[in-house]
Amino acid sequence: MTDDAIAPREHLTDWLRDAHAMEQQAEAMLKAMAQRLEHYPDLHSRVVEHLGETRWQREQLEGCLTRLGSSPSTVKDITGKLMAFGESVVAMMASDEVVKGAMAGYVFEHMEIASYTVLIKAADTAGDLQTKGVCEQIIKQEAAMAEWLLQHLPATTSNFLSRSARPGVEAKV
Ligand SMILES: [Fe+2]
């Protein structure tokens with residue numbers, strides 16, 4: 001390996017930091033959604049459930065980073081780091097309209113699925129089977145959430161449309 005070569009393990013560590021930042025975004029976003037949605041109880045409880053999963057995911061990633069020799073302070077440094085794509089989805093999710101929020105959630109879950117697909121391969125290549133196992137568990141939760149959001153998007157849409165058409169009824173959240 002020449003001086004400018006980068007070992008898979010370094011990329012893995014870097015991408016794990018990105019995933020950690022992504023989960024921090026997800027946590028903030030889901031927390032904001034959980035505070036609203038009072039007229040959409042099914043969506044609300046699924047969001048609350050995934051908020052719990054997301055916190056667990058963030059802790060798991062912190063464990064992987066620590067194991068790879070990335071200090072807790074490094075983890076702290078990336079707090080608030082936003083990826084441009086995530087940021088635009090978060091903006092959409094922060095919208096006070098439930099349909100846009102559900103759509104943005106679905107898109108965000110797919111960004112997560114892509115990230116963990118990359119991480120699984122990178123961890124495998126770097127020989128870090130513990131990180132690979134963690135990412136395999138996380139990706140199942142993301143895929144289940146994405147699937148749920150898609151399955152429930154028609155119901156969310158029709159609830160929104162019927163509430164919206166009634167005078168004096170709050171439809172957005
Ligand atoms: Fe996640």
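All ligand and atom numbering here is 1-based and tracks the order in the structure. Heavy-atom basis, side chains included; hydrogens, waters and symmetry copies ignored. Since we're looking at a predicted model, the values are computed, not measured.
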Handout entry: Option among Leu37, Thr157, Asn159 that satisfies the side-chain contact (heavy atoms from CB on, under 4.5 Å) test with Val98
Key = Leu37

Problem - Whether over 12 other heavy atoms sit under 6.0 Å from Arg163 CZ - result: yes

Exercise for the section: With side-chain contact (heavy atoms from CB on, under 4.5 Å) as the test, would you mind laying out the steps for Met22 and Asp18 before giving the verdict? Expected result: CA-CA 6 Å; Met22 180 178 72; Asp18 289 341; over 6 Å; no

Exercise for the section: Enumerate the residue pairs fulfilling side chain to side chain donor-acceptor pair (under 3.5 Å) with a member in residues 131-141, sequence neighbours excluded, ordered by first and then second residue. Expected result: Gln57-Gln141, Arg67-Thr131, Asp124-Lys132, Asp128-Thr131

Fill in the blank from the handout: So CH2 of Trp56 and CG of Leu61: to nearest 0.5 Å the spacing works out to 9.0 Å

Practice task
Run through the protein N/O/S atoms less than 2.8 Å from the Fe ion (ligand 1) and write them out by chain and number.
Solution key: Glu23 OE1, Glu23 OE2, Gln57 OE1, Glu112 OE2, Glu142 OE2

Practice task
Consider only side-chain N and O atoms of His50 and Glu53, and report whether a donor and an acceptor are under 3.5 Å apart.
Solution key: yes

